[in-house]
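In each ligand, atom 1 is the first atom listed, and ligand 1 is the first ligand listed.
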Amino acid sequence: MRSTRFHLLAGAILGMLLAGPGGAWGQAAPSGAPPFQARIEDLARALQNAPRLKDLSEQERIDRVEFVVGNTLFILLHELGHVHFSEMHLPVLGREEDEADTFAAITLLKVGTGFSQRVLADASQGWFLSERRDEQTRAKPLYYDEHDLSSQRAYQIVCLMVGSDPAKFKSLADQAKMPESRQRTCKRDYAKALRSWDSVLAPYRRAPGQTETKINVVYGDAEGSFAGFARAFRAIRMLETVSERSASTYAWEAPFTMEMQSCDGPNAGWDDEKRVLKICYQLAFDFAELYRAYVAPPPPPTVANQKRKRKV
Ligand SMILES: [Zn+2]
């Protein structure tokens with residue numbers, strides 16, 4: 001369907017509940033911890049007996065849950081970028097897919113918390129790992145695709161980060177092997193991108209006292225290994241966190257829906273006929289698989305394994 005954009009994406013784990021009500025991720029909680037981050041950490045603690053996570057330390061569990069939630073959040077914001085283009089009839093002067101990534105990155109940089117910065121670092125790492133997986137599975141790069149190649153998407157995030165604050169993100173850019181000369185020009189890229197998005201969105205900012213447009217939130221049911229993901233995202237109020245912030249910031253002309261659902265693959269998309277932004281649980285599962293395959297430390301040798309080794 002012409003109006004439907006579904007995106008094949010990267011990413012594997014999770015499964016549980018917990019957390020309470022709270023504001024958007026940028027607001028400080030009474031405890032001083034951002035509520036969204038606190039809910040993710042609560043989720044990671046609640047997962048201490050999950051089969052794939054029980055042998056990890058608490059910090060390793062938090063890192064893994066943050067990677068999955070962070071990459072999924074980045075895609076949710078990317079899709080929200082498409083909703084802005086569609087609903088606000090914004091000019092598209094380049095590749096819309098690139099601009100949707102830029103929207104997601106700028107939104108998170110504006111939040112400006114340690115957590116939002118880790119989400120961006122996780123998202124760039126997610127794209128680098130996708131590239132590595134593609135190389136290992138000998139998946140050919142699709143030069144004709146509407147999206148940039150995975151490593152280009154990763155570097156675009158790093159570029160906007162180091163462009164926004166060269167001192168803070170230099171080590172991240174160095175780690176990604178981005179040359180210093182490119183790090184310097186990213187400053188200009190970031191300034192232009194920020195100015196452009198601020199300028200096109202300015203007429204749509206909600207005035208103080210203006211009624212908020214409802215953004216509906218739906219968590220579809222899921223079965224089998226995906227049911228845990230459904231409970232987890234509901235528990236951390238993933239969709240509410242983004243929808244409440246967006247409804248409060250922008251004067252949307254008409255209501256629309258953000259939905260997490262079970263699909264036949266790791267997809268996400270905005271359907272401008274049904275007016276539904278869709279994120280599939282399978283996408284989060286894929287991120288968990290990606291992390292488990294390429295980041296997670298190998299399991300420590302068990303007594304049984306050691307005995308087996310000695311026999312051979
Ligand atoms: Zn897209």
Side-chain angles (χ1 to χ4, degrees), residues 1-11 68-110 119-120 122-131 133-134 139 141-161 189 193-194 196-197 200-201 204 215 233 238-239 242-243 245-246 250 252 256-261 263-287 290:
M1 198 190 318
R2 184 197 59 80
S3 59
T4 305
R5 300 185 194 93
F6 291 127
H7 308 126
L8 242 200
L9 289 158
V68 174
V69 172
N71 272 278
T72 309
L73 174 60
F74 184 85
I75 297 302
L76 173 57
L77 291 171
H78 168 104
E79 298 304 336
L80 185 59
H82 285 307
V83 183
H84 277 284
F85 276 115
S86 170
E87 292 294 288
M88 297 172 176
H89 310 289
L90 304 182
V92 182
L93 301 177
R95 286 157 63 87
E96 185 174 327
E97 293 303 334
D98 294 359
E99 287 310 308
D101 276 354
T102 300
F103 171 82
I106 284 177
T107 300
L108 286 161
L109 285 169
K110 279 186 173 184
V119 168
L120 281 168
D122 281 340
S124 68
Q125 187 187 18
W127 288 119
F128 280 128
L129 296 179
S130 294
E131 180 96 342
R133 178 168 64 180
D134 286 348
L142 302 179
Y143 296 113
Y144 51 79
D145 198 69
E146 57 192 329
H147 304 92
D148 278 349
L149 302 178
S150 296
S151 54
Q152 288 178 302
R153 297 181 77 169
Y155 274 119
Q156 176 64 358
I157 295 171
V158 173
C159 183
L160 292 169
M161 292 176 81
D189 287 19
L194 181 66
S196 302
W197 272 104
V200 293
L201 290 179
Y204 301 96
I215 300 177
F233 283 116
M238 177 82 159
L239 296 176
V242 174
S243 66
R245 180 187 168 90
S246 184
Y250 299 107
W252 294 97
F256 61 93
T257 299
M258 289 184 182
E259 181 169 347
M260 296 194 87
Q261 57 177 252
C263 324
D264 56 6
N267 301 327
W270 161 243
D271 185 327
D272 61 6
E273 289 181 353
K274 293 180 181 164
R275 309 182 56 70
V276 174
L277 184 168
K278 177 185 79 169
I279 302 286
C280 303
Y281 297 125
Q282 285 74 7
L283 178 66
F285 179 83
D286 193 44
F287 284 128
L290 192 65

**Message:** I'd like to know: is the Zn ion (ligand 1) within the 2.8 Å range of an N/O/S atom from His82, strictly under that distance?
**Reply:** yes
**Phe128 and Tyr155 aromatic ring geometry - parallel, tilted or perpendicular at 30°/60° bounds** = perpendicular
**Message:** Looking at Arg153 and Asp148, is any side-chain nitrogen of the basic one under 4.0 Å from a carboxylate oxygen of the acidic one?
**Reply:** no
**Request:** Verify whether one side chain among Ser246 and Trp252 offers a donor that lies under 3.5 Å from an acceptor in the other.
**Result:** yes
**Message:** Report whether any nitrogen, oxygen or sulfur of Glu79 sits less than 2.8 Å from the Zn ion (ligand 1) (N, O or S, backbone or side chain).
**Reply:** no
**Asked** Judged by modelled atom types alone, do Ser151 and Trp127 share a side-chain donor-acceptor pair under 3.5 Å?
**Response** no
**Item:** N/O/S atom name from Glu97 that is nearest to the position of the Zn ion (ligand 1)
**Value:** OE1
